[in-house]
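Chain letters run A, B, ... following the sequence lines, proteins first, then strands; residues in each count from 1. Bear in mind the structure is a predicted one, so any value in this text is a computation, not a measurement.
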There are 2 protein chains.
Amino acid sequence: MKPTEKADIKYTNQRVEILTFLREHQGHPTVDEVYDGVRKKLTRISKATVYKNLKFLTEKGLLEEVNVKGVSRFEANFIPHHHLICRECGKMEDFNSEQLLDYSMKIAEEIEGFTIVSTSTNFYGICKKCRECKKET
Amino acid sequence: MKPTEKADIKYTNQRVEILTFLREHQGHPTVDEVYDGVRKKLTRISKATVYKNLKFLTEKGLLEEVNVKGVSRFEANFIPHHHLICRECGKMEDFNSEQLLDYSMKIAEEIEGFTIVSTSTNFYGICKKCRECKKET
DNA sequence: TTATTAAATAATAATAAATATCATTTAGTA
DNA sequence: TACTAAATGATATTTATTATTATTTAATAA
């Protein structure tokens, strides 16, 4: 297993598959989507295992939990980045802008009472698909 | 009731108290915190009513739902702003920077596939209180 | 390679969070 | 003041998440 994660944990099949799935599906899957995806390879995996591992791997810093419209989603992308979020359907995409990260961190230096270590900007709007659906109605 | 919200809804005591509470408590309260707060004035309010109204008022655009560490929180501040988030305790504070909003929106113009209407930057770090607690250990 | 052991899993039970139901009450309007 | 659609409170139901436990497994060392 890639030693990107040198975390001191047991690399069970279940964990490896969950991590692999999330690396191959950058669309911020939900618990159920992870479960369904991983089940294609490990047909006998328990949903409790998925829950426990998503929580565990997040605590260990191998995953990040995000939330759109009250729904938990997970991602394995640790390169600092931003998010494009559709207010209609909840779709979430990664978006890169080194420029914006730098700008934000410069502003962060002036903040008192908090020691800021990272930033991420959410861009809210409507995705192409939803915009086209709305036109048709 | 302030006509800031010209939304076409019934202004029941319950709704007014929930909105008032959230305007007076900008610390992004959870469902339970809203329930406990509002109950001081409306001792007979049902928790289901709090749930239903937080959802309803969010759909109507009078509230915004945010989420820290898997916990839903609500706010009534509609002036575009950013968030300072403590990775230790989950504390969340508003932070204003017109500058950063402008910069982000300029970047948003270049994004394809999404029509962006607003942005908000999250600043992650550690709050004063948590930093001091860590020192002591 | 095999034995050992702490930790992880699967299956299921238990909790907690959120929503639905429905008889009663109420805000907004005539 | 009366009317009515909508909201409420109380509770049941559903869904999401966590805990329990017997069994299995990954990592280590013999």
Side-chain angles (χ1 to χ4, degrees), chain A residues 1-22 28-74 90, chain B residues 1-22 28-74 90:
Chain A
M1 316 313 91
K2 285 201 243 154
T4 312
E5 60 266 10
K6 53 204 169 205
D8 181 29
I9 66 171
K10 269 197 188 180
Y11 281 95
T12 60
N13 289 340
Q14 291 83 344
R15 284 180 185 164
V16 171
E17 287 305 328
I18 288 171
L19 288 168
T20 303
F21 179 82
L22 280 163
H28 309 82
T30 62
V31 175
D32 284 353
E33 285 164 359
V34 172
Y35 177 57
D36 290 340
V38 170
R39 214 155 34 137
K40 284 176 189 158
K41 291 215 170 177
L42 296 174
T43 52
R44 303 190 55 73
I45 194 172
S46 161
K47 196 164 203 176
T49 300
V50 175
Y51 267 104
K52 258 181 294 186
N53 278 323
L54 288 174
K55 194 181 167 73
F56 175 85
L57 295 169
T58 300
E59 280 164 3
K60 286 290 176 183
L62 299 184
L63 295 180
E64 196 126 346
E65 186 175 358
V66 291
N67 195 291
V68 191
K69 290 173 154 236
V71 180
S72 274
R73 295 170 174 274
F74 294 85
Chain B
M1 317 308 97
K2 284 202 245 151
T4 312
E5 61 265 10
K6 53 202 169 208
D8 181 28
I9 66 170
K10 269 196 187 181
Y11 281 96
T12 61
N13 288 339
Q14 291 83 343
R15 285 181 184 163
V16 171
E17 286 306 327
I18 288 171
L19 287 168
T20 302
F21 179 81
L22 281 162
H28 308 82
T30 62
V31 175
D32 284 353
E33 285 164 358
V34 173
Y35 177 57
D36 289 340
V38 169
R39 213 153 39 133
K40 283 177 191 160
K41 291 214 170 178
L42 295 173
T43 52
R44 304 189 53 71
I45 193 171
S46 161
K47 197 167 201 175
T49 299
V50 174
Y51 267 106
K52 259 181 294 185
N53 277 323
L54 288 174
K55 194 180 167 73
F56 175 85
L57 294 169
T58 299
E59 280 164 3
K60 287 291 175 181
L62 299 185
L63 296 179
E64 196 126 347
E65 186 174 359
V66 291
N67 196 291
V68 190
K69 289 172 153 236
V71 181
S72 274
R73 294 170 174 275
F74 294 85

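Across the protein-nucleic acid pair, A:K47 atom NZ and D:dA19 atom P stand 17 Å apart, rounded to whole Å. In this entry the distance linking CG of A:N53 with C1' of D:dT25 reads 13 Å, nearest Å. Look at CG on B:L57: it is 12 Å from C1' on D:dA7, rounded to the nearest Å. Atom pair B:N67:CG and D:dA16:P shows a separation of 15 Å (rounding to whole Å applied). Here the C1' atom of nucleotide D:dT8 and the OH atom of B:Y11 are 18 Å apart, to the nearest Å. Rounded to a whole Å, the CZ atom of A:R44 is 11 Å from the P atom of D:dT25. D:dT8 atom P lies 12 Å from atom CD of B:E17, rounded to whole Å.
Expressed to the nearest 0.5 Å, how far OG1 of B:T12 lies from CD1 of B:I18 amounts to 7.5 Å.
Residues A:I9 and A:L62 form a side-chain contact, since some pair of their non-hydrogen atoms from C-beta on lies under 4.5 Å apart.
In the 5' to 3' direction, nucleotides of DNA chain C lying under 4.0 Å from heavy atoms of chain A begin and end at C:dA6 to C:dT12.
For the pair B:T12 and D:dA6, the criterion of a side-chain N or O lying under 4.0 Å from OP1 or OP2 is not met. For D:dT18, the OP1/OP2 oxygens have no side-chain nitrogen or oxygen of A:Y51 closer than 4.0 Å. Distances shown here put a side-chain N or O of B:R15 below 4.0 Å from the OP1 or OP2 atom of D:dA7. B:N13 has no side-chain polar atom (N or O) that falls below the 4.0 Å cut-off from OP1 or OP2 of D:dT8. Contact between the side-chain N/O atoms of B:Q14 and the OP1/OP2 oxygens of D:dG9 is found at a separation under 4.0 Å.
Pairing each heavy atom of B:Y11 with each of B:L19, the nearest pair is CE2-CD1, 4.1 Å.
Of the candidate nucleotides D:dT18, D:dA10, D:dA7, D:dA10 has the atom nearest to the side chain of B:S46. Distance from the side chain of B:T49 is smallest for D:dG9 among the nucleotides D:dG9, D:dT18, D:dA7.
With A:R15 contributing its side chain and A:K10 its backbone, the two residues share a donor-acceptor pair below 3.5 Å.
Mapping B:K52 and B:K10 onto DNA chain C by nearest heavy atom places B:K52 at the nucleotide closer to the 5' end.
The pair B:K60-B:D8 fails the salt-bridge criterion, with no side-chain N (NZ, NE, NH1 or NH2) lying under 4.0 Å from an Asp/Glu carboxylate O.
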